[in-house]
Protein chains: 2
Amino acid sequence: MVSAMRNPSPGHDTTTGATHGRTGRPRSAAADTAILAATRDALVDLGWSKLTMSDVSARAGVAKTTLYRRWAGKNELVVDAVAELFDALELPDRGSLEADIEYVVLQFADLLRRPEARTALMAVVAESTRDEALRDRIRSAIVDRQKRLVVLGRERAQARGELPYEEDEVLTGRTTDLIFDVIAGTVVHRALVSSEPVDECWVATFTALLMHGLLGPPQA
Amino acid sequence: MVSAMRNPSPGHDTTTGATHGRTGRPRSAAADTAILAATRDALVDLGWSKLTMSDVSARAGVAKTTLYRRWAGKNELVVDAVAELFDALELPDRGSLEADIEYVVLQFADLLRRPEARTALMAVVAESTRDEALRDRIRSAIVDRQKRLVVLGRERAQARGELPYEEDEVLTGRTTDLIFDVIAGTVVHRALVSSEPVDECWVATFTALLMHGLLGPPQA
DNA sequence: CTCTTACGCTACGACCCGTAGCGTAACTCC
DNA sequence: GGAGTTACGCTACGGGTCGTAGCGTAAGAG
């Protein structure tokens with residue numbers, strides 16, 4: 001749950017348990033999860049453009065007005081629905097930086113094979129080019145949250161001695177951003193724009209390129 | 001013009017000059033250019049989701065039915081409209097591989113600053129996740145055509161002695177694809193997903209990473 | 001001058017949008 | 001308990017887009 005409804009919901013979550021400080025009937029938490037699940041189902045069946053609020057409300061067993069009471073529109077709804085998918089990504093220690101990278105790339109590729117993730121991610125980004133608020137929402141709900149993987153992988157590599165420690169915080173942040181964009185961007189482009197398979201062979205080649213890029217300067 | 005109308009248009013183009021072998025009144029070439037230009041204008045003003053066929057026809061001074069006679073729908077129309085933008089990319093010889101890369105990255109970033117390119121590219125890719133024909137169209141109209149830049153830059157670098165010659169054709173093709181996805185994907189992700197500026201500072205860092213990635217193996 | 005095709009225009013049923021209004025349900029505070 | 005407050009389901013609505021059909025006219029080819 002990313003909590004960015006148009007209505008109150010001041011604190012963090014909107015469950016039945018959390019009274020959110022107010023009086024009156026609380027929002028149904030079950031409805032939230034049902035709606036988001038219904039949204040993903042609809043994305044699988046219909047794709048982005050043919051997905052309609054009416055259809056989602058029917059699938060979720062909820063009145064259409066309830067959707068509009070919680071989300072401003074299709075865009076916001078879908079961002080929240082997809083953000084949950086990305087949270088499933090993780091990075092177990094595979095023993096080396098190279099293995100860690102290959103693992104996360106393959107995992108990300110698996111995610112992008114899911115039709116609801118493919119169509120929704122691109123569509124929402126497309127809409128965000130004309131909507132500042134939506135851009136911020138994507139950044140906080142997806143981008144910033146997944147950067148944790150890069151940070152974690154890097155720290156591990158430094159602990160292993162594979163990468164040097166960097167003292168400058170600003171530089172560290174920039175490098176993290178760069179690596180994130182390179183990995184996520186390349187995989188997305190390969191899978192969705194070029195429409196080529198992200199198989200182990202390709203991943204190995206890509207990872208090799210990236211490894212050399214990361215280790216290049218000091219060894220030269 | 002990418003020529004993939006739903007109707008005849010057998011050969012290549014649909015200009016007044018090219019009789020396209022048939023008798024009868026030929027399609028107006030002026031209408032084609034007017035429609036595609038109107039589509040880009042509408043993308044600037046309205047973005048993808050609010051762009052409507054009716055609006056485009058009005059802007060182009062053309063009947064709505066004429067649009068549907070030439071394009072199957074919004075998706076196909078927009079692909080053709082945007083493909084023309086990408087053809088403006090070029091790669092003058094900047095003297096070194098590094099400079100060539102930086103130049104093309106900055107040029108691509110400029111293109112992605114144009115609102116019609118931003119919104120349309122992502123939206124069309126989103127739709128293509130559920131439409132095989134559209135995927136093929138994107139590949140032939142945009143992806144394959146822009147790979148020429150990678151091929152050209154690589155040949156130049158080889159002529160300069162910056163990169164080794166590769167004999168295996170299959171491997172050459174794979175490397176070309178990889179570099180293309182890395183460059184285009186990373187820039188798109190940085191600009192549109194992460195919503196961070198693609199300035200000269202960032203480009204220099206990215207190019208350095210890529211250079212080390214390309215030169216890594218042999219120098220190690 | 002005839003044949004063939006493209007064009008512009010109008011009209012159409014179908015669908016979705018986003019909102020308003022109402023009565024009811026659920027929960028808090030007194 | 002009741003009063004107050006908020007969420008919910010339902011219905012109905014005007015406004016807009018969709019994609020197509022039908023018709024008369026315009027523009028080249030032979």
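Residue numbers begin at 1 in each chain, while the letters A, B, ... track the order of the sequences. Worth knowing before you read on, the calculation uses all heavy atoms, side chains too, and leaves out hydrogens, waters and symmetry mates.
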Enquirer: Can you check the A:Tyr68 OH to C:dA20 P distance for me, whole Å?
Expert: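 Nearest whole value for this atom pair: 13 Å.
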Enquirer: Output the single nucleotide from D:dT20, D:dA29, C:dA25 whose closest atom is nearest the side chain of A:Arg25.
Expert: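 It is C:dA25.
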Enquirer: Using the six-membered ring wherever Trp is involved, compare the ring planes of A:His189 and B:Phe180 and label them parallel, tilted or perpendicular (cut-offs 30° and 60°).
Expert: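 Perpendicular, since the angle between the ring planes exceeds 60°.
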Enquirer: Do the side chains of A:Asp32 and A:Arg27 get close enough for a salt bridge, i.e. N-O under 4.0 angstrom?
Expert: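 No.
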Enquirer: 5'-most contact on DNA chain C: B:Gly24 or B:Ala31, nearest heavy atom basis?
Expert: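 In this pair, the answer is B:Gly24.
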Enquirer: Round to a whole Å and report the spacing from CG of A:Leu67 to C1' of C:dC17.
Expert: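 Going from A:Leu67 (CG) to C:dC17 (C1'), I get 13 Å.
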Enquirer: Thinking salt bridges, do B:Asp55 and B:Lys50 make one under a 4.0 Å N-O criterion?
Expert: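 So B:Asp55 does not pair with B:Lys50 through a salt bridge.
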Enquirer: Looking at B:Asp80 and B:Arg137, does any basic side-chain N land under 4.0 Å from a carboxylate oxygen?
Expert: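 Looking at B:Asp80 and B:Arg137, the cut-off is met.
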Enquirer: Is there a donor and acceptor pair closer than 3.5 Å between the side chain of B:Lys64 and the base of D:dG19?
Expert: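 For B:Lys64, whose side chain was compared with the base of D:dG19, there is a donor-acceptor pair (under 3.5 Å).
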Enquirer: Look at B:Thr66 and C:dG8 and indicate whether a side-chain polar atom (N or O) is within less than 4.0 Å of OP1 or OP2.
Expert: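 Yes, because at least one side-chain N or O of B:Thr66 sits under 4.0 Å from OP1 or OP2 of C:dG8.
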Enquirer: Nearest to the side chain of B:Thr65 - C:dC27, D:dG9, C:dG8?
Expert: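 The answer is C:dG8.
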Enquirer: Let's see if you can work this out: which of C:dC17, C:dC9, D:dA29 has an atom nearest to the side-chain heavy atoms of B:Thr23?
Expert: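 Of the candidates, D:dA29 comes closest.
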Enquirer: Which nucleotide sits closest to the side chain of A:Val62: C:dT19, D:dC18, D:dG9?
Expert: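 When the side chain of A:Val62 is considered, D:dG9 is the closest of C:dT19, D:dC18, D:dG9.
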Enquirer: For DNA chain C, what residues of residues 50-60 of chain A have any heavy atom nearer than 4.0 Å?
Expert: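 Under 4.0 Å from DNA chain C: A:Thr52, A:Met53, A:Ser54.
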Enquirer: Before you tell me yes or no, could you show the steps for B:Thr186 and A:Asp181 under side-chain hydrogen bond (donor to acceptor under 3.5 Å, both in side chains), namely the whole-Å CA-CA distance, both residues' side-chain angles and the distance that decides it to 0.1 Å?
Expert: CA-CA 5 Å; B:Thr186 303; A:Asp181 285 327; over 6 Å; no
Enquirer: Charged N to carboxylate O under 4.0 angstrom, A:Lys74 versus A:Glu127?
Expert: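 Here A:Lys74 does not pair with A:Glu127 in a salt bridge, since their nearest N and O are not under 4.0 Å apart.
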Enquirer: Looking at B:Arg59 and B:Asp45, is there a salt bridge between them, counting it only when a charged N and a carboxylate O are closer than 4.0 Å?
Expert: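 B:Arg59 and B:Asp45: salt-bridged.
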Enquirer: On a plain distance test, is the side chain of B:Arg27 in donor-acceptor contact with the base of C:dA6 below 3.5 Å?
Expert: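 Not at all, since no donor on one side and acceptor on the other fall under 3.5 Å apart.
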Enquirer: Roughly how many Å is it from CD1 in A:Ile35 to P in D:dA7, rounded to a whole number?
Expert: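 So the CD1-P distance, A:Ile35 to D:dA7, works out to 13 Å.
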Enquirer: Rounded to whole angstrom units, what separation is found between the NZ atom of B:Lys74 and the C1' atom of D:dG16?
Expert: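 After rounding, the gap between these two atoms is 13 Å.
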